[in-house]
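The block underneath contains the structure these notes are about, expressed in structure tokens.
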Amino acid sequence: MFAVERAIPKPPAVEAALAEKRDLLARLLGRLAHEIRNPLSSVDIHFQLLEEDLLGVEPDLLQKLSPRLELIQGELHRLKTIVERFLRLASPSAIDPELTHLEKVVGRVCELLRPEAESRGVQLLATVEPSPEFMADPVRLMQALLNLVINAIQAVGKGGRVEIRVVKEAGRMRLEVLDDGPGIPPEKLGSIFEPYFTTKAEGHGLGLWIAQQIIVAHRGTLEAGNRETGGAVFIVMLPLRDPAQ
Ligand SMILES: Nc1ncnc2c1ncn2[C@@H]1O[C@H](COP(=O)(O)OP(=O)(O)OP(=O)(O)O)[C@@H](O)[C@H]1O
Ligand SMILES: [Mg+2]
């Protein structure tokens with residue numbers, strides 16, 4: 001057992017209020033993104049038509065207009081990206097289960113993050129016990145694990161170490177992300193899963209919230225703690241039964 005400090009469980013009423021707040025926020029984000037997406041598509045189409053119309057105007061005028069057109073196009077693209085991101089954010093709990101190999105998910109996450117870890121002088125290790133395939137959403141699980149491992153890489157300094165461990169237990173898989181960074185201050189353990197909670201200048205405070213939504217959608221749990229030896233540990237428990245059932 002690595003976690004010596006755990007978040008103090010909140011009273012059920014507080015938990016329920018928080019869950020309601022998260023749910024409301026997710027629905028608001030989704031609604032807002034949908035509402036913006038339609039007029040945005042219309043503006044996008046009309047912009048393309050306008051560009052075609054402008055092909056017939058004087059070359060001098062076209063040259064004068066082109067920086068403005070480029071700016072509008074760039075900003076339209078940015079808006080579309082933001083809206084798509086919000087839409088994905090608003091439904092992290094929508095999962096699409098298929099036969100999944102956890103080993104492959106972990107392998108892919110390591111493959112994606114190794115260059116980043118290496119450039120920061122961080123050692124990224126994975127120990128994965130052979131496990132059976134099980135019904136899960138590999139894309140979403142990867143997204144959850146990426147968030148945990150990115151946090152760990154950001155938390156440890158140069159020469160730091162991040163480890164992913166997967167152990168098979170009776171009827172479930174236990175996945176841990178361990179680091180040897182500063183750990184999580186005990187008074188913050190209860191807040192880190194809140195949407196928009198961040199201690200980073202450039203953080204959004206959404207990584208852990210998204211990871212938790214995804215794990216919960218798999219009927220699993222995600223807990224955070226501090227290791228006796230220093231550093232943080234995030235423990236994911238995933239039942240081997242089909243989350244759709
Ligand atoms: N491995 C870790 N070690 C120490 N603190 C951590 C660790 N992982 C998360 N935290 C704390 O939890 C906070 C919330 O993490 P979360 O991933 O939700 O948001 P973030 O990393 O700040 O921003 P982003 O949305 O970009 O991921 C972090 O700002 C940090 O304070
Ligand atoms: Mg993060």
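Residues: numbered from 1 along the sequence shown. All ligand and atom numbering here is 1-based and tracks the order in the structure.
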When you measure from [atom] to every protein heavy atom, which one gives the shortest distance, and what is it?
atom: atom 21 (O) of ligand 1; result: K200 NZ, 2.7 Å
atom: atom 5 (N) of ligand 1; result: I184 CG1, 3.6 Å
atom: atom 26 (O) of ligand 1; result: H204 N, 3.4 Å
atom: atom 19 (O) of ligand 1; result: G205 CA, 3.3 Å
atom: atom 1 (N) of ligand 1; result: D179 OD2, 2.9 Å
atom: atom 29 (O) of ligand 1; result: T199 N, 2.9 Å
atom: atom 17 (O) of ligand 1; result: N151 ND2, 2.7 Å
atom: atom 3 (N) of ligand 1; result: A155 CB, 3.4 Å

(Q) Taking the side chain as everything from C-beta on, heavy atoms only, tell me whether H218 gets closer than 4.5 Å to I214. (A)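 They are in contact (side-chain heavy atoms under 4.5 Å apart), so the answer is yes.
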Q.
I'd like to check H46 versus L49 (side-chain heavy atoms, cut-off strictly below 4.5 Å). Are they in contact?
A.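 H46 reaches L49 side chain to side chain.
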Q) Does atom CD of E187 have more than 12 heavy-atom neighbours from other groups under 6.0 Å away? A)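 Above 12, so yes.
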Q.
Check this for me: K200, atom NZ, are more than 12 non-hydrogen atoms of other residues, nucleotides or ligands nearer than 6.0 Å?
A.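 Atom NZ in K200 is crowded, with more than 12 foreign heavy atoms closer than 6.0 Å.
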Under the criterion side-chain contact (heavy atoms from CB on, under 4.5 Å), which of [options] is the partner of [X]?
X: I184; options: T199, N151, N226; answer: N226
X: M135; options: L240, T100, L99; answer: L99
X: L175; options: I215, V167, V128, V166; answer: V166

Proximity winner for [atom], if only heavy atoms of [options] are counted:
atom: atom 14 (C) of ligand 1; options: F197, F193, F234; value: F197
atom: atom 12 (O) of ligand 1; options: V162, V156, I192; value: I192
atom: atom 25 (O) of ligand 1; options: T198, L206, V233, L208; value: L206

Is it the case that ligand 1 has an N or O less than 3.5 angstrom from some N or O of [X]?
X: G207; answer: yes
X: G203; answer: no
X: W209; answer: no
X: Q154; answer: no

Q. Is ligand 1 less than 4.0 angstrom away from at least one heavy atom of N147?
A.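 No; N147 lies far enough from ligand 1 that no heavy-atom distance drops under 4.0 Å.
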Q. Looking only at heavy atoms of G181, does any of them come nearer than 4.0 Å to an atom of ligand 1?
A.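 No.
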(Q) When you measure from the side chain of D180 to the backbone of R161, do you find a donor-acceptor pair of N or O atoms at a distance under 3.5 Å? (A) yes
**Q.** Side-chain donor or acceptor of R120 paired with backbone N/O of Q154 under 3.5 Å
**A.** no
Q. Which of the atoms of ligand 1 are close to G183, meaning less than 4.0 Å from one of its heavy atoms?
A.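 Contacts of ligand 1 toward G183, numbered from 1: 4 (C).
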Q | Metal check, the Mg ion (ligand 2) vs N147 N/O/S, cut-off below 2.8 Å | A | no
Q.
My question is simple, although I want it checked carefully: is atom 10 (N) of ligand 1 less than 4.0 angstrom from any protein heavy atom?
A.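 Within 4.0 Å: no protein heavy atom nearby.
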Q. Would you say F193 and V216 are hydrophobically clustered, going by side-chain heavy atoms of ILVMFWY under 4.5 Å?
A. no
Q: Answer yes or no: is there an ion pair linking E169 with R174, defined by an N-O contact shorter than 4.0 Å?
A: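 Result for this pair is yes, salt bridge flagged.
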Q.
So which atom in I192 and which in A224 form the shortest heavy-atom distance, rounded to 0.1 Å?
A. CD1-CB, 3.6 Å
